[in-house]
Structure formats: C-alpha cells, structure tokens
Amino acid sequence: METNKIYNENCLDTMSRMQDKCIDLTVTSPPYDNLRTYNGYSFDFESIAKELYRVTKEGGVVVWVVGDATIKGSETGTSFRQALYFKECGFNLHDTMIYEKDAIAFPDKNRYQSSFEYMFVFSKNAPNAKNIIHDRKNISFGRKVSGTNRMANGETKKAGGYGNDIKEFGARWNVWRIKTNKGNKK
C-alpha cells in the first residue's frame, strides 16, 4: 500500500491489505446505531475491531469516538458494548474521554440534553507516545504542593511532589470541549 494516499473504500478492504502491526494511531468516528444509511454501507463492528487490533503496533493507540442512539426513551449502550469488545480483542482501555459539543441540533423535550460523545482511547499494551497537553491554567500556581493521599489500606501519605512548586499549566482534563458551530450561521 502507498503511504500518504487516501483510499476511499470499505476500511475492512483497506486493512486486509495492511501488514500486521503497522499502524501507530487510528482516530475514527464510525457510524453507530444505524442513525444514518450511508448509501447502504453495512457496519461490521466486530470485524473492524479485530482488524484494528491486528494492524495496530505494540504501544499503538486507537481513539474510538462514539455515542449512543436513544430508542423509545432508552439509550442503547452500544458505545459500552463496543468498548468491552475492544477489550475482548486484546486492547487495553487506556482512557475514557468525553468530547463535549458546544451546541446540539435537535434537543429532546423529555430528558437532559445529550451534548457529548465518548472518546475511548484503546492501546495495545502501554502507549509508546505520551504527549500530554498541558494547557489548563492551575489556580494554585505559585504555591507549593501540599496535602495527603489516602492509600488502599486507609492510611495517608504526603501527596506526590509534596513541597514542589505548582506549575502554571497542568495537564488537560479528559473532557474536551470542541466547537461544533451547530445552530450558528457562521
């Protein structure tokens, strides 16, 4: 297969031509819960998860952005079933993140508004690359780390980094607010 080339085809066809353990990172927002027809495309989730495991390198990561449909007043839970299936395939569930939208298109009338999707971060063993974004302003900037942590046995010990200066920016939290511009005329 050629690198830096877009293949507009079923991802199973593309992955079938890939070598084992050749991909470092996959970020995808697959169709879920049959909310759209996609011109008759059939979404074979289990086969896709297995192929993703095969083509992902040791230490590689798959970010699976997914939400659930609401049918007859009940969320389907498809996202959680998919996350558990990835674990059955051999992936670690490295992180569960939230993609929070700034607006929604069609609010429900009888339930709280769903304004997010899950971003399940799966890894094949421990991730090789860890480039954590540090852009969250620390409100305790300029102070020293203090306090204690409670251990599993109930005892307490000084917090990690006790006495060190608190940095101006901390690691981003796992809820990412992303502008969607839905409902805006921009």
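Keep in mind that the numbers below use all heavy atoms, side chains included, and drop hydrogens, waters and symmetry copies.
The side-chain heavy atoms of I48 and W64, taken from C-beta on, include a pair separated by under 4.5 Å. S146 places a side-chain heavy atom less than 4.5 Å from the side chain of Y162. Contact check for D165 versus K144: side-chain heavy atoms found under the 4.5 Å cut-off. Two residues are said to be in side-chain contact when any heavy atoms from C-beta on lie closer than 4.5 Å; T96 and N174 fail this criterion. Between K21 and E58, the closest side-chain pair of non-hydrogen atoms falls below 4.5 Å. By the 4.5 Å heavy-atom criterion applied to side chains, K50 and Y85 are counted as neighbours.
Remark: K137 qualifies as a cation-pi partner of F169 under the 6.0 Å distance and 45° angle criteria applied to the six-membered ring.
To the nearest 0.5 Å, atoms CZ (R54) and CD (Q19) are separated by 9.5 Å. Separating the CD atom in E9 from the OG1 atom in T14 is a distance of 3.0 Å, to the nearest 0.5 Å.
Counting all heavy atoms, side chain and backbone alike, Y7 lies closest to E2 at OH-N, 3.0 Å. In this structure, E117 and S29 approach most closely via the heavy-atom pair OE1-OG, 4.3 Å.
Dense packing is recorded around CD of E168, with more than 12 heavy atoms of other residues, nucleotides or ligands lying under 6.0 Å away. Counted within 6.0 Å of NZ on K130, heavy atoms from surrounding residues, nucleotides or ligands total more than 12; the atom is thus considered enclosed. No more than 12 heavy atoms of other residues, nucleotides or ligands sit less than 6.0 Å from atom CD1 of I139. Atom CG of N153 has more than 12 heavy atoms from other residues, nucleotides or ligands within 6.0 Å. For R17, the CZ atom is densely surrounded, since the number of other residues' heavy atoms within 6.0 Å is greater than 12.
Ring pair Y118/F120 is parallel by interplanar angle, where below 30° counts as parallel and above 60° as perpendicular.
Transitive grouping of hydrophobic side chains (ILVMFWY, heavy atoms separated by less than 4.5 Å) keeps L84 and F43 in distinct clusters. In the hydrophobic cluster analysis, where Ile, Leu, Val, Met, Phe, Trp and Tyr join through side-chain heavy atoms closer than 4.5 angstrom, W173 is grouped apart from M119.
When atom types are taken as modelled, the side chain of D68 and the backbone of T78 share a donor-acceptor pair closer than 3.5 angstrom.
Annotation: Y53 is not in aromatic contact with F122 [ring centroid separation under 6.0 Å not met].
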